[in-house]
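Naming: A, B, ... by sequence-line order, numbering from 1 per chain.
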2 protein chains.
Amino acid sequence: MSRLLLLSSAMAGDSGYLVWTRPLIRDFLNAHSTPVTRVLFIPHAGVSKGFDTYLNHVRTALDLGDVTLESLHDSDDPESAIRSAEALIVGGGNTFALVKRLYDLSLMGVIRERVLEGMAYIGWSAGANLAGPTLCTTNDMPIVEPPSFQTLDLVPFQINPHFIAGKSAGHHGESREERLTEYLALNSGIQVVALPEGTALRREGEHFELLGNRDAWLLTHQGTRTIQAGQTCDDLRGSEGTGRDPKTP
Amino acid sequence: MSRLLLLSSAMAGDSGYLVWTRPLIRDFLNAHSTPVTRVLFIPHAGVSKGFDTYLNHVRTALDLGDVTLESLHDSDDPESAIRSAEALIVGGGNTFALVKRLYDLSLMGVIRERVLEGMAYIGWSAGANLAGPTLCTTNDMPIVEPPSFQTLDLVPFQINPHFIAGKSAGHHGESREERLTEYLALNSGIQVVALPEGTALRREGEHFELLGNRDAWLLTHQGTRTIQAGQTCDDLRGSEGTGRDPKTP
């Protein structure tokens with residue numbers, strides 16, 4: 001039974017770093033019959049700050065009490081670290097850097113396998129993108145070239161984190177809606193869940209729920225519908241994924 | 001002698017489609033001792049509108065008079081169309097779609113070869129990104145996966161089109177400067193020319209000039225400097241490219 005908590009962003013509105021995520025993450029880690037006691041952090045989306053700094057910021061901000069938080073980058077044997085973890089937290093940063101580094105470490109397969117076995121998965125921003133079938137709906141700049149765009153395929157839809165409608169006055173880059181509409185024009189069978197900052201999607205097996213105090217959006221080639229804040233949205237499982245071989249990547 | 005006109009955007013400020021580019025493009029096509037009479041348009045970055053529609057919009061907007069404008073998508077033999085073209089115009093849209101489609105058509109090598117032989121190259125937005133060494137500093141969403149991030153390598157620096165400073169209040173996605181700083185952190189030997197909307201870079205062999213009425217920026221791992229509007233900036237040739245074999249891609 002897959003358990004995932006996919007958060008749009010580390011920050012929401014004027015509140016401090018990870019503040020809005022703290023109750024959601026604590027509740028998710030405690031919800032299972034056997035509460036999680038050891039969490040592995042994956043800082044590999046981080047680019048502008050070092051992994052040690054990133055770990056310290058997250059440790060301080062999440063303040064998980066008796067739950068220990070170790071980092072993948074401190075492990076001599078990353079695959080064993082994944083295999084023995086009770087839960088993963090994948091931080092935000094640059095999705096392309098995250099995906100390239102996890103492929104370079106040959107960890108994509110084992111992470112997927114462990115989540116499908118029941119290991120809890122938490123990710124925000126790039127860490128939420130990683131849980132989808134591909135990185136195609138990230139907002140990030142392609143600052144490095146990963147060997148593949150395929151990601152963990154742990155939910156049967158794409159995620160667009162940091163979703164924001166409209167565009168800046170006087171600027172002629174595409175709006176987010178235009179970008180996602182173009183994605184759907186070239187990938188017409190796929191669904192996209194657009195998560196505004198301050199929203200998160202929680203999966204408990206076949207049950208999906210939108211958390212946070214704002215609505216989110218489900219975009220398909222046929223149109224867009226609202227996913228209401230605080231509501232279950234089990235029909236998200238309706239799209240049976242991308243047909244990928246469950247043993248890959 | 002390579003001749004390139006790389007424009008940040010099709011639109012600038014409140015003016016209509018391609019209006020600000022028209023005098024720059026006409027001047028560029030007429031500047032050579034033998035003015036260009038036949039131009040080949042490449043609409044393959046277009047996603048939300050069909051290629052026929054795209055061609056018609058560009059034909060109307062540029063209004064090139066006696067200069068004929070044919071489109072690559074109307075040719076039965078795209079390679080011959082490139083080989084016989086006097087100049088190329090590569091329109092904007094999605095950079096990933098453009099790069100994938102040109103690789104799928106096996107045209108990257110022949111375009112590069114022809115520009116190095118002297119065929120004039122004009123591109124805006126995604127079409128400007130295409131002229132750099134890689135697509136890594138595009139602003140576009142990775143809506144499809146190209147076989148490689150390598151692009152034409154016709155200027156020895158990356159381009160960031162539609163450059164805009166700062167970020168929207170209350171939103172926590174990265175600013176453009178943060179994205180480019182992250183690019184430089186992982187690609188420290190490369191230079192990036194950041195072109196605000198309404199600016200263009202013109203290359204005539206070893207001579208570079210910034211066109212338009214706004215400054216642009218040269219970003220390196222060591223820092224940022226201004227490229228002044230209307231000034232030559234021949235030192236941009238100082239970085240001797242990426243060391244790529246000139247026969248590839």
query: Would you call B/Asp63-B/Arg22 a salt bridge at under 4.0 Å N-O?
result: no
Chain A heavy atoms under 4.5 Å from [X]: which part of the residue, side chain, backbone, both or neither?
{"X": "B/Asn139", "answer": "both"}
{"X": "B/Glu197", "answer": "side chain"}
{"X": "B/Thr181", "answer": "neither"}
{"X": "B/Leu135", "answer": "both"}
{"X": "B/Ala10", "answer": "neither"}

message: Taking side chain to side chain contact (heavy atoms under 4.5 Å, CB included) as the criterion, tell me which of B/Leu88, B/Leu6, B/Leu7, B/Val90 meets it with B/Ile122.
response: B/Leu7
Straight-line distance of B/Asn187 CG to B/Leu180 CG, nearest 0.5 Å: 11.0 Å
message: To the nearest 0.5 Å, what is the distance between OG1 on A/Thr95 and CG on A/Asn129?
response: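 Answer rounded to 0.5 Å: 4.5 Å.
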For chain B, find which of [options] contributes the most heavy-atom pairs closer than 4.5 angstrom.
{"options": "A/Ala185, A/Gly13, A/Ser9, A/Ser8", "answer": "A/Gly13"}
{"options": "A/Pro142, A/Gly92, A/Gly173", "answer": "A/Pro142"}
{"options": "A/His171, A/His162, A/Arg179, A/Glu182", "answer": "A/His171"}

task: Please state whether the rings of A/Phe51 and A/His73 are parallel, tilted or perpendicular, taking 30° and 60° as the class boundaries.
output: perpendicular
- prompt: Does the cation-pi check pass for B/Lys100 over A/Phe149, that is, NZ or CZ under 6.0 Å from the six-membered ring centre and within 45° of its axis?
  reply: no
